[in-house]
Engineer: 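Provided herewith is a single structure, encoded as structure tokens, for subsequent inquiry.
Remember, it's 1-based here, ligands and their atoms both numbered in the order they're listed.
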Amino acid sequence: MRTQVAIIGGGPSGLLLSQLLHVHGISSVVLERKTRDYVLGRIRAGVLEKGLVDLMDQAGIGARMHQEGLLHQGTSIAYGNESFRVDLQHHAGRPLMVYGQTELTRDLYDARAKEELPTEFEVENVVLHDLETEAPSVSYEVHGESRTLNCDFIAGCDGFHGVSRRAIPDAVKTEYERTYPFGWLGVLSETPPVNHELIYANSDRGFALCSMRSETRSRYYIQCALSDSPSDWSDQAFWDELRRRIPEPQADQLITGPAIEKSIAPLRSFVCEPMQWGRLFLCGDAAHIVPPTGAKGLNTAASDVHYLFTGLRQYYEDGDANGINQYSQRALSRVWKVSRFSWWFSTLMHQFPDQQAFDRKIQLAELEFLRSSEAAQAAMAQNYVGLPY
Ligand code: FAS
Ligand code: PHB
């Protein structure tokens with residue numbers, strides 16, 4: 001089989017790249033390890049930057065997102081008995097869109113099926129070949145049958161645990177990593193959100209986040225020990241702990257219900273340099289991971305897709321290879337700024353097990369400065385709504 005761009009991974013990165021290429025007449029095949037339903041069963045990001053909203057529109061599949069998504073003009077930060085709102089529209093000139101990654105991925109898969117774009121599910125033993133030639137290929141198996149996909153380029157969109165990053169020689173690659181000594185216990189519930197906008201809370205008991213998927217479906221997180229497992233937390237224990245960590249007015253109004261999903265995500269910062277090798281280009285979680293505090297994981301996958309799509313389009317339409325040759329450098333420049341923001345916000349909002357009393361006072365002083373300073377809120381807002389591509 002032959003295509004112009006082989007895409008490994010059928011998560012949001014791979015699907016969005018494939019859809020954008022298709023709209024501009026560039027062929028691609030998506031190779032996905034799991035089934036469509038398995039991919040759609042993952043509960044992950046909830047907040048979209050305007051850059052990602054615009055890419056969905058550019059791909060011609062933004063209709064349901066605009067119909068069902070919620071535009072948020074601000075977000076709240078709580079600490080101790082204090083709580084303040086950061087006006088995103090005022091400081092950064094645009095809102096955020098609340099629309100779950102699951103729904104965005106569903107829209108992408110529905111568009112693929114409608115246009116009958118080639119997707120291979122349940123692929124195994126994916127191997128990348130001849131990356132340093134002009135005729136790379138990907139070999140793989142589907143239900144025991146061996147296949148080869150010949151192509152011009154390979155997009156490694158296979159997430160943190162995929163095979164693409166490993167295809168870049170160790171001698172060429174530098175991996176930067178920081179792990180955090182806690183996780184996020186997340187609960188999805190068919191209950192109305194406790195607040196009309198998100199609340200990020202730094203309490204003496206640990207971090208909490210009140211988010212949502214719609215006006216009837218809420219998403220909540222509490223910081224938990226890395227040794228915890230979801231089964232350690234009954235629904236009641238989760239709701240009781242969440243109440244202890246959020247401001248009293250919201251705690252009193254919290255409407256609880258059965259958890260329809262409960263999971264724990266570890267937190268890490270990770271960046272692989274370079275993000276390209278020969279004809280292989282890494283996109284999204286295959287190249288970098290950020291702690292979810294800043295809601296930047298999915299959104300940084302989107303900026304990678306923008307840079308790679310633009311470069312590939314330039315190559316095929318104008319014969320100009322500058323965009324693809326500069327991809328890693330351009331993508332990494334934004335990746336590091338996003339990694340810094342995600343690290344800063346995570347460090348500001350969480351209780352660290354080895355934290356000294358001095359550290360806590362510094363955290364509270366920074367939160368007090370953020371509450372009282374227009375300049376500090378503007379800096380936070382501009383990062384949070386999304387840095388320019
Ligand atoms: P993905 O990991 O989503 O997709 C990669 C795809 O490649 C998967 O479908 C996988 O099955 C497939 N694959 C892997 N190996 C393969 C192989 N060898 N061959 C073929 N296919 C292969 N971000 C936020 O902004 N906010 C959040 O709250 C948030 N919560 C998260 C919670 C968890 C538990 C995780 C893991 C991530 C979370 N993220 C969050 C980040 C997340 O949203 C990612 O940034 C986003 O899924 C990135 O999309 P992709 O790069 O497509 O990677
Ligand atoms: C979510 O709704 O899942 C979410 C929102 C904002 C974040 C992280 C996760 O910073």
Engineer: Any idea how Phe153 and Tyr315 line up, ring-wise: parallel (<30°), tilted (30 to 60°), or perpendicular (>60°)?
Structural biologist: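 Ring orientation of Phe153 relative to Tyr315: perpendicular.
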Engineer: Look at ligand 1 and say whether Val163 reaches it with a heavy atom at a distance under 4.0 Å.
Structural biologist: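 Heavy atoms of Val163 do come under 4.0 Å of ligand 1.
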Engineer: By number and element, which atoms of ligand 1 are closer than 4.0 Å to a non-hydrogen atom of Gly162?
Structural biologist: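 Heavy-atom distances to Gly162 below 4.0 Å select 15 (N).
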Engineer: For atom 22 (C) of ligand 1, which protein heavy atom lies nearest, and how many Å away is it?
Structural biologist: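 The closest one turns out to be Arg33 CB, 3.6 Å.
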Engineer: Using a 4.0 Å heavy-atom cut-off, which part of Tyr221 comes near ligand 1: side chain, backbone, both, or neither?
Structural biologist: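 It is the side chain that gets close, since no backbone atom is under 4.0 Å.
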Engineer: When you look at CD of Gln355, are more than 12 heavy atoms from neighbouring residues, nucleotides or ligands closer to it than 6.0 Å?
Structural biologist: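 Yes, CD of Gln355 has more than 12 neighbouring heavy atoms, counting only those of other groups under 6.0 Å.
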Engineer: Check each heavy atom of Ala286 against ligand 1 and say whether those closer than 4.0 Å belong to the side chain, the backbone, both or neither.
Structural biologist: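 Under 4.0 Å from ligand 1, Ala286 contributes no heavy atoms.
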Engineer: Could you tell me whether Val123 approaches ligand 1 through its side chain, its backbone, both or neither, with non-hydrogen atoms closer than 4.0 Å?
Structural biologist: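 Just the side chain.
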Engineer: Within ligand 1, which atoms have a heavy atom of Cys157 less than 4.0 Å away?
Structural biologist: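 Answer, ordered by atom number: 5 (C), 6 (C), 7 (O).
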Engineer: Could you identify the single nearest non-hydrogen protein atom to atom 42 (C) of ligand 1 and state the distance to 0.1 Å?
Structural biologist: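 For atom 42 (C) of ligand 1, the nearest protein heavy atom comes out as Gln101 OE1, 3.7 Å.
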Engineer: Under 4.0 Å from a heavy atom of Gly284: give me the atoms of ligand 1 that qualify, with their elements.
Structural biologist: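 Going through ligand 1 atom by atom, the ones under 4.0 Å from Gly284 are 51 (O).
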Engineer: Checking a contact table here: which protein heavy atom is nearest atom 14 (C) of ligand 1, and how many Å away?
Structural biologist: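 Among all protein heavy atoms, the one nearest atom 14 (C) of ligand 1 is Asp158 O, 3.1 Å.
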Engineer: I'd like to know whether Glu68 forms a salt bridge (Lys or Arg N to Asp or Glu O under 4.0 Å) with Arg217, so could you lay out the CA-CA distance, the side-chain angles of the two residues, the decisive distance to 0.1 Å, and finally the verdict.
Structural biologist: CA-CA 12 Å; Glu68 298 179 12; Arg217 177 171 282 204; over 6 Å; no
Engineer: Identify, for atom 34 (C) of ligand 1, the protein heavy atom at the shortest distance, and state residue, atom and that distance.
Structural biologist: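 For atom 34 (C) of ligand 1, the nearest protein heavy atom comes out as Ala265 CB, 3.7 Å.
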Engineer: Suppose we call two aromatic rings close when their centres sit under 6.0 Å apart. Are His24 and Phe309 close by that rule?
Structural biologist: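 Yes, the ring of His24 comes within the 6.0 Å limit of the ring of Phe309, centre to centre.
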Engineer: Only heavy atoms count here, so choose which of Glu32, Arg166, Arg44, Arg42 is nearest to atom 1 (P) of ligand 1.
Structural biologist: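 When every heavy atom of Glu32, Arg166, Arg44, Arg42 is considered, Arg44 comes closest to atom 1 (P) of ligand 1.
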Engineer: Which word best sums up how the rings of Phe182 and Phe352 line up, parallel for under 30°, tilted for 30 to 60°, or perpendicular for over 60°?
Structural biologist: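 Perpendicular, since the angle between the ring planes exceeds 60°.
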Engineer: Considering only residues two or more places apart or on different chains, which pairs with a residue in residues 222-245 satisfy ring pair (Phe, Tyr, Trp, His ring centres under 6.0 Å)?
Structural biologist: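 Passing the test, one end in residues 222-245: Tyr220-Trp239.
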Engineer: Above 12 or not: heavy atoms from other molecules or residues under 6.0 Å from CZ of Arg42?
Structural biologist: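 It does: Arg42 CZ has more than 12 such atoms within range.
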Engineer: Which ligand 1 atoms are under 4.0 Å away from a heavy-atom of Val126?
Structural biologist: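 Heavy-atom distances to Val126 below 4.0 Å select 19 (N).
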Engineer: Can you tell me which portion of Lys296 lies within the under-4.0 Å heavy-atom range of ligand 1? Options are side chain, backbone, both, or neither.
Structural biologist: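 Within the 4.0 Å criterion, Lys296 contacts ligand 1 through backbone atoms alone.
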Engineer: Going by the atom numbers of ligand 1, which of them fall below 4.0 Å from some non-hydrogen atom of Leu31?
Structural biologist: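 So the answer, numbered in order with elements, is 20 (C), 21 (N).
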Engineer: Could you pull out all residues at least two apart from Arg166 that satisfy side chain to side chain contact (heavy atoms under 4.5 Å, CB included)?
Structural biologist: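 So Arg166 forms a side chain to side chain contact (heavy atoms under 4.5 Å, CB included) with Val163.
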Engineer: Are Leu280 and Val29 linked, directly or through other ILVMFWY residues, by side chains that come within less than 4.5 angstrom of each other?
Structural biologist: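 Yes, Leu280 connects to Val29 through the hydrophobic network.
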Engineer: Please identify which atoms of ligand 1 are closer than 4.0 Å to at least one heavy atom of Ile8.
Structural biologist: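 This gives 19 (N), 20 (C) as the contact atoms.
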Engineer: For Phe160, does the six-membered ring have the charged nitrogen or CZ of Arg165 within the cation-pi criterion, i.e. under 6.0 angstrom from the centroid and within 45° of the normal?
Structural biologist: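 Relative to the ring axis of Phe160, which defines the angle, Arg165 lies inside both limits.
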Engineer: Return yes when atom CG of Asn81 has more than 12 non-hydrogen atoms of other residues, nucleotides or ligands closer than 6.0 Å, and no otherwise.
Structural biologist: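 No, not enclosed.
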Engineer: Does one hydrophobic cluster hold both Val385 and Val338, with members joined at side-chain heavy-atom distances below 4.5 Å?
Structural biologist: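 Unlinked, Val385 and Val338 end up in two clusters.
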Engineer: Around atom 24 (C) of ligand 1, find the nearest protein heavy atom and jot down its residue, atom name and distance.
Structural biologist: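 Checking every protein heavy atom, the shortest distance to atom 24 (C) of ligand 1 gives Ala45 CB, 3.2 Å.
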Engineer: Under 4.0 Å from a heavy atom of Ala295: which atoms of ligand 1 are those, numbered in the order shown and with their elements?
Structural biologist: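 The list of qualifying atoms is 25 (O).
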Engineer: For ligand 1, which atoms have a heavy atom of Lys34 less than 4.0 angstrom away?
Structural biologist: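 So the atoms of ligand 1 that pass are 11 (O).
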Engineer: Among all protein non-hydrogen atoms, which one is nearest to atom 49 (O) of ligand 1, and what is the separation to 0.1 Å?
Structural biologist: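 Result for atom 49 (O) of ligand 1: Pro12 CG, 3.5 Å.
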Engineer: Any pair with a residue in residues 77-112 that passes ring pair (Phe, Tyr, Trp, His ring centres under 6.0 Å), sequence neighbours left out, goes on the list, sorted by first then second residue, please.
Structural biologist: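 Sorted pair list: Tyr109-Phe121.
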Engineer: As a check for students: among Gly294, Ser13, Gly183, Ser342, identify the option with a heavy atom nearest to atom 52 (O) of ligand 1.
Structural biologist: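 Among Gly294, Ser13, Gly183, Ser342, the closest heavy atom to atom 52 (O) of ligand 1 comes from Ser13.
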Engineer: Give the intermediate values and the outcome of salt bridge (Lys or Arg N to Asp or Glu O under 4.0 Å) for residues Glu261 and Arg219.
Structural biologist: CA-CA 9 Å; Glu261 193 268 354; Arg219 179 69 168 166; 2.8 Å; yes
Engineer: For atom 25 (O) of ligand 1, what's the nearest protein heavy atom and its distance?
Structural biologist: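 Answer, as residue, atom name and distance: Gly297 N, 3.2 Å.
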Engineer: Provide, line by line, the atom pairs where ligand 2 and the protein bring an N/O atom each to a distance under 3.5 Å; else say none.
Structural biologist:
from, atom 1, to, atom 2, distance (Å)
ligand 2, 2 (O), Ser211, OG, 2.6
ligand 2, 2 (O), Arg213, NH1, 2.7
ligand 2, 3 (O), Arg44, O, 3.4
ligand 2, 3 (O), Arg213, NH2, 2.8
ligand 2, 3 (O), Tyr221, OH, 2.6
ligand 2, 10 (O), Tyr200, OH, 2.8
ligand 2, 10 (O), Pro292, O, 2.9
ligand 2, 10 (O), Thr293, O, 2.9
ligand 2, 10 (O), Ala295, N, 3.3

Engineer: In this structure, are over 12 heavy atoms from other groups packed under 6.0 Å from Glu82 atom CD?
Structural biologist: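 Check passes, neighbour count above 12.
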Engineer: Suppose we measure from atom 41 (C) of ligand 1 to each protein heavy atom; which comes out shortest, and what is that distance?
Structural biologist: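 Nearest protein contact, heavy atoms only, for atom 41 (C) of ligand 1 is Asp285 OD2, 4.1 Å.
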Engineer: Check the surroundings of atom CD in Glu116: do more than 12 heavy atoms from other residues, nucleotides or ligands lie under 6.0 Å from it?
Structural biologist: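 Not more than 12 within 6.0 Å, no.
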Engineer: Please step through ring-ring contact (aromatic ring centres under 6.0 Å, His included) for the pair Tyr384 and Tyr200, ending with a clear verdict.
Structural biologist: CA-CA 12 Å; Tyr384 186 62; Tyr200 291 84; 5.8 Å; yes
